[in-house]
Amino acid sequence: MTKYVIRGGKPLHGEVEISGAKNAALAIIPAALLVDGVCRIENIPQISDVTMILQILQELGADVRTVNRTTVDIDCRHIQNSQVPQEMARKIRASYYLIGALLGRFGSAEVPPPGGCHLGDRPIDQHIKGFVAMGADVDVSGGFVRAKAKNGRLTGAQVYLDMVSVGATMNIMLAAALADGLTVIENAAKEPHIVDLANFLNSMGADIMGAGTDVIKVRGVQKLTGGTYSIIPDQIEAGTYMAAVAAAGGEVLIKNVIPKHLECITAKLEEMGVEVEEHDDSVRVRRTGRLSRANIKTLPYPGFPTDMQPQITVVLCLAEGTSVVTEGVWDNRYRYVDEIRRMGAHIQVDGKIAVIEGVDKLTGAAVQACDLRAGAAMVIAGLAAQGTTEVDCVHYIERGYEDIVRKLSGIGADIRVVVMPEEKKSVQAG
Ligand code: EPZ
C-alpha cells in the first residue's frame, strides 16, 4: 500500500503546469474506435484511468503507439470484435463510452457495466434510452450490457435526457456520429469535455453542432478519417490547485488552463477572499488573509462543479463563519466528511447538505482517500493543517491527478510517498 505523508502549515509558492483533462481523454480515446485511420491524440494526462482505457483498446485489437509522454497514435482499423473484457472494464467508470463507440462502429457492443467512484447510485438508463431511440435492442444481464442495432446500423433520433448527464450526452454523441440521419440530444450536458469530444469528432470528419449548449445535433456521416487532436487542460485539476492555495495560503501561478472554464470556481474563491488574476492561459492565485464563509450549490456546467465539492468544502472548514454546501448532482458525495473531522473540522451533513463551522486550524491526522476527489481534498487538508497528515488509499488520487506529489513539491509542499510493506496475510489455523 502507498500513502502520502504531508507536513502542513506551509504556504505554497511557485508555478504548476496543468495536464490534459481526464474526463475529456476518457471519452476521446474510445472515440478513436469510430475512426477509419490513425488518430494522434496530444496532451493526454498520465493517469491510471487513461492507462486502463488504452489497455482496453489494445485488448480489443487496436494498435496503440506512444509518440511521447503525452501523445499516442491509435489505429482501430483492425479491430474485429466488440466484446470488452470484464475484469478491466469494471475498474473505471468511463468504460461505458465503449458501448456507444462500438455500437456506432459495429452496430453491436458487449461491455460490462462500468465501475468508478462510489458517489451513490450511478445508473446508465439515460445512455440506454438514447441507444434504444436510435434503433438498438439493449439487454443488461449476466454482468454485461449487450446492445445491437436492429438493422445493423443505428438511425438518427430525437433524445430528451431526463436529467443533465455528462456520460449519456457523450455516449449518445459517440453512437450518433456514424448513424444514418440526424440525432438531436436535448437537455444535453455543457461541460468543457463535452465540447472537447465534439471538437475531436468534428476534426475527424463528423458533423456535430451545438456542443456546449443544451441542444446538440449530430448528423451521421459514412466514415471518419484520421487526424491529430490536442485535449483541453483539466478544469478540475486546475480548480484543485486553486483550492490548495486557498487552504494553505501563498501565491501560485497555475499554467496551461482555460480561464473561462474556471469562472465559477474563480468567482467563489474571490467571494471567500482569495485573489485570482486571470491571464490568457494561466491564473495567478494568492491568499494571504483570513478566508470568508460562502454558500455553494454544485450544479452541471456552468454551475459550480460537483467534482470540486470535496476540495472547496475543505477550504470552507478554514473560513471564518458558517458555510453551507449543497450537493446538487450526486446522492452521496460526503463520505469523506468523517475523515476530515479527524483533523478537527466542524461539519454536519444531512443528506445533500453540509453545514460547515469554520475553525482556526486543522491538525494533522491519519486519513483515507475514499474516492478520487475526496482524496485530493484530504491532500489539501494536509497541506493546510498544523503537523503531519498521512493519506492512505492514494490509488484513488492517482486515477485522476498526474504527478500530484511532484507538482505539489514544486510549489513548496512538504509531501512524500511512503510505500508500506504488504500486510502479511494471517494464515488461517487448521
Ligand atoms: C461524469 O460522471 C464524470 N466522470 C464525473 O466525474 C462527474 O462527477 C459527473 O460526470 C458529473 O459532472 C467521467 O466523466 C468519467 P452524469 P457521469 O451522467 O457521466 C444521474 C470525477 O471525479 N444519471 O453526469 O457518471 C447520475 O446518477 C468523476 O472525475 C442517471 O440517473 O455523471 C447523477 O446523479 C466523479 N442516469 C447525475 O445523473 C443516467 O443514465 C449526473 O450523472 C446517467 C446519469
Side-chain angles (χ1 to χ4, degrees), residues 19-31 45 47-50 52-53 89 91-100 113-133 138 140 145 159-175 185 187-197 214 231-232 234-240 261 264-265 298-312 326-333 335-336 351-352 369-377 396-402:
S19 304
K22 157 175 118 56
N23 292 344
L26 292 177
I28 286 171
I29 290 167
I47 53 179
S48 56
D49 272 16
V50 163
M52 181 58 71
I53 200 82
K91 290 185 182 160
I92 55 173
R93 176 84 187 152
S95 53
Y96 52 28
Y97 293 136
L98 296 161
I99 308 170
C117 296
H118 302 289
L119 306 171
D121 191 16
R122 297 188 77 174
I124 59 167
D125 57 299
Q126 298 298 303
H127 304 232
I128 293 169
K129 173 180 177 177
F131 301 147
V132 168
V138 182
V140 183
V145 177
V159 184
Y160 196 101
L161 295 177
D162 296 358
M163 82 290 293
V164 175
S165 161
V166 167
T169 303
M170 299 268 221
N171 230 342
I172 297 166
M173 257 203 283
L174 290 167
I185 309 169
N187 199 19
K190 300 183 273 193
E191 273 69 6
H193 29 292
I194 300 276
V195 178
D196 214 26
L197 175 63
D214 53 11
I231 289 173
I232 55 169
D234 194 311
Q235 164 206 34
I236 303 302
E237 185 194 14
T240 302
H261 293 166
C264 196
I265 301 166
T298 68
L299 287 167
Y301 192 85
F304 192 89
T306 176
D307 293 346
M308 278 297 299
Q309 183 258 84
Q311 301 93 307
I312 203 74
T326 306
E327 173 52 54
V329 176
W330 295 106
D331 295 337
N332 178 14
R333 195 165 203 170
R335 291 190 313 135
Y336 64 91
K352 294 195 169 189
C370 42
D371 65 53
L372 162 57
R373 306 302 175 184
Y396 283 117
I397 302 170
E398 293 171 358
R399 289 185 50 187
Y401 288 92
E402 177 183 318

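As a basis for the values below, the full set of heavy atoms in this structure was taken, side chains included, without hydrogen atoms, waters or symmetry mates. Counting convention: from 1, in listed order, for ligands and their atoms alike. Sequence positions, counted from 1, serve as the residue numbers for this chain.
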Exercise for review: Using a 4.5 Å cut-off on heavy atoms from C-beta on, say whether the side chain of Arg373 contacts that of Gln311.
Suggested key: yes
Exercise for review: Check the angle between the aromatic planes of Tyr96 and His127 and answer parallel, tilted or perpendicular using the 30° and 60° thresholds.
Suggested key: tilted
Review point. What do we get for Asp125 next to ligand 1 when only non-hydrogen atoms under 4.0 Å count, side chain, backbone, both or neither?
Key: both
**Study point:** Glu191: which of Val166, Asn23, Thr169, Asp196 passes side chain to side chain contact (heavy atoms under 4.5 Å, CB included)
**Key:** Val166
Review point. So is Pro123 in contact with ligand 1, going by heavy-atom distances below 4.0 Å?
Key: yes
**Study point:** Heavy-atom nearest option to atom 44 (C) of ligand 1, drawn from Ser165, Gly328, Gly130, Ala94
**Key:** Ser165
Study note, to complete from the structure: If you compare Glu237, Arg373, Lys22 by their heavy atoms, the one closest to atom 22 (O) of ligand 1 turns out to be Arg373
Check your understanding: Is there side-chain contact between Val164 and Leu299, with heavy atoms separated by less than 4.5 Å?
Key -> no
**Study point:** Part of Val329 with heavy atoms under 4.0 Å of ligand 1, whether side chain, backbone, both or neither
**Key:** both
Check your understanding: Are side-chain heavy atoms of Ile232 and Pro192 found at a separation under 4.5 Å?
Key -> yes
Practice item. Compare Asp49, Val166, Ile194, Leu161 and give the one whose heavy atom is closest to atom 1 (C) of ligand 1. Key: Val166
**Study point:** Pairwise side-chain contact, Asp49 with Lys22, heavy-atom cut-off 4.5 Å (strictly under)
**Key:** yes
Practice item. Pull out every atom of ligand 1 sitting under 4.0 Å from any heavy atom of Ile124, numbered as shown with elements. Key: 39 (C), 40 (O)
Practice item. Kindly indicate whether the side chain of Lys352, heavy atoms from C-beta on, has any atom under 4.5 Å from the side chain of Asp331. Key: yes
Point to revise | N or O pair under 3.5 Å between Met163 and ligand 1 | key: no
Exercise for review: Answer yes when Arg333 and Asp307 have at least one side-chain N-carboxylate O distance shorter than 4.0 Å, and no when they do not.
Suggested key: yes
Point to revise | Those atoms of ligand 1 less than 4.0 Å from some heavy atom in Arg333 | key: 8 (O), 22 (O), 35 (C)
Check your understanding: What atoms of ligand 1 come within less than 4.0 Å of a heavy atom belonging to Tyr96?
Key -> 2 (O), 17 (P), 19 (O), 25 (O)
Exercise for review: Decide whether an N or O pair under 3.5 Å exists between Asn23 and ligand 1.
Suggested key: yes
**Study point:** Side chains of Met163 and Gln126 in contact at under 4.5 Å (non-hydrogen atoms)
**Key:** yes
Review point. With side chains defined as the heavy atoms from C-beta onward, is the minimum distance between Leu197 and Val195 less than 4.5 Å?
Key: no
Exercise for review: Just jot down the ligand 1 atoms closer than 4.0 angstrom to any heavy atom of Gly167, in number order.
Suggested key: 18 (O), 19 (O)
Revision key, fill the gap. So the atoms of ligand 1 within less than 4.0 Å of a heavy atom of Gln126 turn out to be 36 (N), 39 (C), 40 (O)
Practice item. Would you mind running through ligand 1 and noting each atom that sits below 4.0 Å from a heavy atom of His127? Key: 40 (O)
Point to revise | Proximity to ligand 1 by part of Gln309, non-hydrogen separation under 4.0 Å | key: neither
